[in-house]
Amino acid sequence: MKFSIHLNGMYFAGGIYRQLFVLLFLVFCIHLSTNRVVRAGTSGITTRRYNFVVNYATFTRLNHTKRMIVVNGQFPGPAIRANEDDIVIVNVTNLVAAPVTIHWHGVKQIRTCWADGVPYITMCPLQQNQSFSHRFQLLNQTGTMWYHAHISWLRASVHGPIVLRPRKFESFPFTSPKREITIMIGEWWNNDVEDVLAYALARGGRYNISDAITLNGQPGFLYNHSSKDALKVKVTHGETYLLRVVNACLNFGMFFGVANHSLKVVQLDSAYVKPFTVNTVLIAPGQTLDALLTANRASGRYYMAASPYSVPDPQYVPFPEIPATARMEYEESSYEIERSSSEIVTYMPTFPSPNDSNYRHKFDDLQKSINTTYQTLDVPETVDKHLFFTVGYGLDKSSSCHPFKTCVDGYDGQYRVVGSVNNISFVTPNTTSKSLLEIAYLRDHGNASVTSALDLDFPSQPTMTFNYTGSTRLPLSQWFSKHATKLSVINYNASVQIILQNTNIVQFETHPFHLHGYSFYIVGRGNGNYDPDSSPATFNLVDPPLRNTFGVPHRGWLALRFRADNPDFGPPICDNLVRIYGTFPSLIDHFTTEQAKGQIYRKMNTNSNSSAGRVWLFHCHFEIHTSWGMETVLYVKEGTGTNQTLEAPPSDLPACASSENTSKKKEPTVSITISEDITKPEISKEVPH
Ligand SMILES: [Cu+2]
């Protein structure tokens, strides 16, 4: 097939000139930014529609039957499958009495912050019988993500994988797997998780841990009454499989591995990394990891297993001690197994000890981004906006707690434990008639009546400086956090650096922080206190991992950078070419290599200015810490270009119920009654996790 176009006075034709196009493109377009813009109507993009109904269903695990809230009757929920650049429309209908929102973890929501699913921040939650269509484009996004409820602790059962593959004309930039295997690590409570949360909030401190860790909803072979329904995976000798692993646990980081087999990690949080091979991977709640497994061992049975990583510092943090297991079995061994199943040994992976923080640091050190035709790095070398956030625990002087001494699990048996950022425990504005995003939108469209409704005064530095990680701690009188709904303002296109500094208030704990709307580069981390004079010299600005969730070391600090949008038009000829391809996308099919096609698509996606603007939650992904207020909101200003602004609100965006009084921050009262059977023997009254 022939084609011809006229470009800048030069005449190009098909055939041999295809290669010239490729050459020109590669020469002039080597600097691709990571900005995105919604680009609809181009060939190759598919619109994927899903219908999610949130309702009760009954499940039995550990010989215990209970009703829980799930998507489409499934636990875990159904997978969303799409290709890079596809448009996804998920219509969510809530049939339960509890208010519900669903967040699409890892999706950047370019111009579609409305679909981010954060209650009272980006949308009012869906009340019973309400529906909302979440529409977003997965522009330049591929790999493994997931979705989960983002209200109360409903994500324990309302979650599922988002399985993304390269564009239709592209293949994986690694050994093409024979099959993909999605593993969701989760937790199972015999009791209702809403009761577990209410009980923890009422008593001001620790919560009752889950009864089992699960793999794809099943505790597995090491738990009683569980082996019959355990996950079983067949593999063929010599073949390679892509494991897509999601940590959907509420409150635990997880070791994961497959006995006698190594894992070659190729993606972390849906970003490509320089491949590295380990026997055990470590995944914080919220993180995802893609790894290749080659079935190259003796035929037989091998457990894949997940077991908690939990650093007690200084006190013991309880966790479910039995690993979740699934069984990987070689096809060739089937006949033998049928003959003498009871004699077959199933090998179990060995894990580092649960508190092995050295392993965590070694595993972190292995993570390096890769700069390829599939992914272009854009690590900010300079910083426009410096944010320094202390993160950790604090105490609450709540009157509902202290006079009646109801916070028996709180600190010293009387003070409710809270989570805080810069000593501010976030208050979800659940009595508002509008979400923060709606207020921001109205504010920027000239509605004077809402301009005072946003408090944009979140401190960019700690309000209290001290030796954050020293062995001598502040006096108790300085452990009390403020409670507020404050936002940090970030200018459009600013390069942002956030230092997350752990503190010794109450006790240390790692905090896996997740930023909505962006991935960020982990440019540095260390033990002790961050030092603005010496610490930056240790930064990796060359190939730092690009993550959307990452743990602040339990006695240390983390430095992350990202650009709050970065339009990069590149050399003019490049733009002209790209505009032509944008107008005549079928021309792209004339390129002979998928890499060349991918280059053009990526350049098209980066060239028209984009905005991931508006209000983005930044929070610890330990659910109990979020419930305690360890979260804050970044308010990213809009740009001035056509595509640098938030889209208009969707017509079916739910309104906040005027008498709304239900949310995850529901303040427990002293009269709250909890059924006795969820009370467990207390391990320590001062363990907040
Ligand atoms: Cu945390």
Side-chain angles (χ1 to χ4, degrees), residues 50 52 54 69-71 76-80 82 88-94 96 98-126 130-138 141 143-164 184 186 193 246-251 269-270 284-288 426 428 430 435-438 512-519 547-549 612 614-623 625-627 630-634 650 653-654 663-665:
Y50 288 86
F52 278 15
V54 177
I69 299 171
V70 295
V71 173
I80 288 177
V88 174
I89 301 174
V90 190
N91 186 58
V92 178
T93 301
N94 176 24
V96 303
V100 170
T101 67
I102 295 183
H103 167 60
W104 320 91
H105 188 116
V107 175
K108 294 186 176 171
Q109 301 293 3
I110 302 140
R111 304 191 66 212
T112 56
C113 190
W114 302 109
D116 201 37
V118 187
Y120 306 103
I121 309 300
T122 67
M123 67 180 282
C124 299
L126 289 168
Q130 281 188 322
S131 297
F132 176 54
S133 276
H134 303 70
R135 180 191 179 282
F136 48 85
Q137 187 172 12
L138 297 157
Q141 294 206 269
T144 304
M145 302 178 191
W146 64 301
Y147 63 85
H148 59 80
H150 209 297
I151 190 164
S152 187
W153 278 18
L154 291 186
R155 81 172 174 87
S157 52
V158 177
H159 65 245
I162 301 177
V163 176
L164 304 181
M184 299 213 70
V193 290
V246 178
N247 186 350
C249 290
L250 272 70
N251 294 307
D269 290 352
S270 67
Q287 291 183 332
T288 64
F426 188 78
T428 300
N430 63 324
S435 69
L436 293 184
L437 184 61
E438 288 173 277
F513 261 74
H514 170 52
L515 177 57
H516 290 222
Y518 292 92
S519 289
R547 309 293 310 246
N548 63 45
T549 308
R614 294 348 307 248
V615 293
W616 302 110
L617 193 68
F618 186 42
H619 65 105
C620 180
H621 221 278
F622 283 145
E623 206 63 21
H625 295 180
T626 303
S627 302
M630 197 182 294
E631 50 189 0
T632 187
V633 174
L634 305 184
L653 191 69
S663 90
K664 64 180 179 178
K665 291 292 169 53

Check: Ile102 and Phe132 side chains under 4.5 Å, non-hydrogen atoms:
no

Which heavy atom of Cys124 sits nearest to which heavy atom of Pro654, and what is that distance?
O-CG, 3.2 Å

Under a 3.5 Å threshold, yes or no: a donor from one side chain and an acceptor from the other, between Ser519 and Asn548?
no

Sidechain-backbone polar pair: Asn94 side chain, Leu126 backbone, donor-acceptor under 3.5 Å
yes

Going through the checks in order, is the side-chain contact (heavy atoms from CB on, under 4.5 Å) test met by Met123 and Leu653?
CA-CA 7 Å; Met123 67 180 282; Leu653 191 69; 4.1 Å; yes

Side-chain heavy-atom pair Pro76, Tyr147 within 4.5 angstrom cut-off
no

Heavy-atom pair with the smallest gap, counting every atom of Val88 and Ala82:
CG2-CB, 4.2 Å

Looking at His619 versus His516, is the centre-to-centre ring distance below 6.0 Å?
yes

Identify the heavy atoms of Tyr50 and Ala79 that sit nearest to each other, and give their distance.
CE2-O, 3.7 Å

Could you pull out the closest heavy-atom pair between Val70 and Ser157, with the gap in Å?
CG1-O, 3.7 Å

Derivation of the side-chain contact (heavy atoms from CB on, under 4.5 Å) call for Val118 and Thr101:
CA-CA 7 Å; Val118 187; Thr101 67; 6.0 Å; no

Would you indicate whether the side-chain heavy atoms of Thr122 and Gln109 approach each other to under 4.5 Å?
no

Judged by atom type as modelled, is there a donor-acceptor pair below 3.5 Å linking the side chain of Asn247 to the main-chain atoms of Cys249?
yes

With a 4.5 Å cut-off on side-chain heavy atoms, are Glu631 and Leu617 touching?
yes

Hey, is the main chain of Asn91 close enough, under 3.5 Å, to the side chain of Ser133 for a donor-acceptor pair?
no

Here the gap from Leu436 atom CG to Arg614 atom CZ, rounded to the nearest 0.5 Å, amounts to 11.5 Å

Separation of Cys620 SG from Met630 CE (nearest 0.5 Å)
5.0 Å

Taking Thr288 for the side chain and Val246 for the main chain, is one N or O donor matched with an acceptor at less than 3.5 Å?
no

Sequence neighbours excluded, every pair satisfying salt bridge (charged side-chain N to carboxylate O under 4.0 Å, His left out) that has a member inside residues 155-164:
Arg155-Glu623

Between CZ of Phe618 and CG of Leu634, what distance do you get to the nearest 0.5 Å?
6.5 Å

Which is it for Phe52 and Ile80 under the side-chain contact (heavy atoms from CB on, under 4.5 Å) test, yes or no, and what are the steps along the way?
CA-CA 10 Å; Phe52 278 15; Ile80 288 177; 3.9 Å; yes

So Tyr518 and Trp616, would you call those rings parallel, tilted or perpendicular, with 30° and 60° as cut-offs?
perpendicular

Do the non-hydrogen side-chain atoms of Leu515 and Phe513 ever get within less than 4.5 Å of each other?
no

Residues Asn251 and Phe622: closest non-hydrogen pair is O-CE2, 3.3 Å

For the side-chain hydrogen bond (donor to acceptor under 3.5 Å, both in side chains) test, which of Gln287, His514, His621 pairs with Thr549?
His514

Parallel, tilted or perpendicular for His103 and His148, by the 30°/60° rule?
perpendicular

Can any side-chain N or O of Trp146 pair as donor or acceptor with the backbone N or O of Gly286 at less than 3.5 Å?
yes

Interatomic distance, OG@Ser270 vs CG@Leu138, rounded to 0.5 Å, equals 9.5 Å

Any side-chain heavy-atom pair from His150 and Ile121 closer than 4.5 angstrom?
no

Nearest heavy-atom contact between Gln141 and Leu164 is O-CD1, 3.7 Å

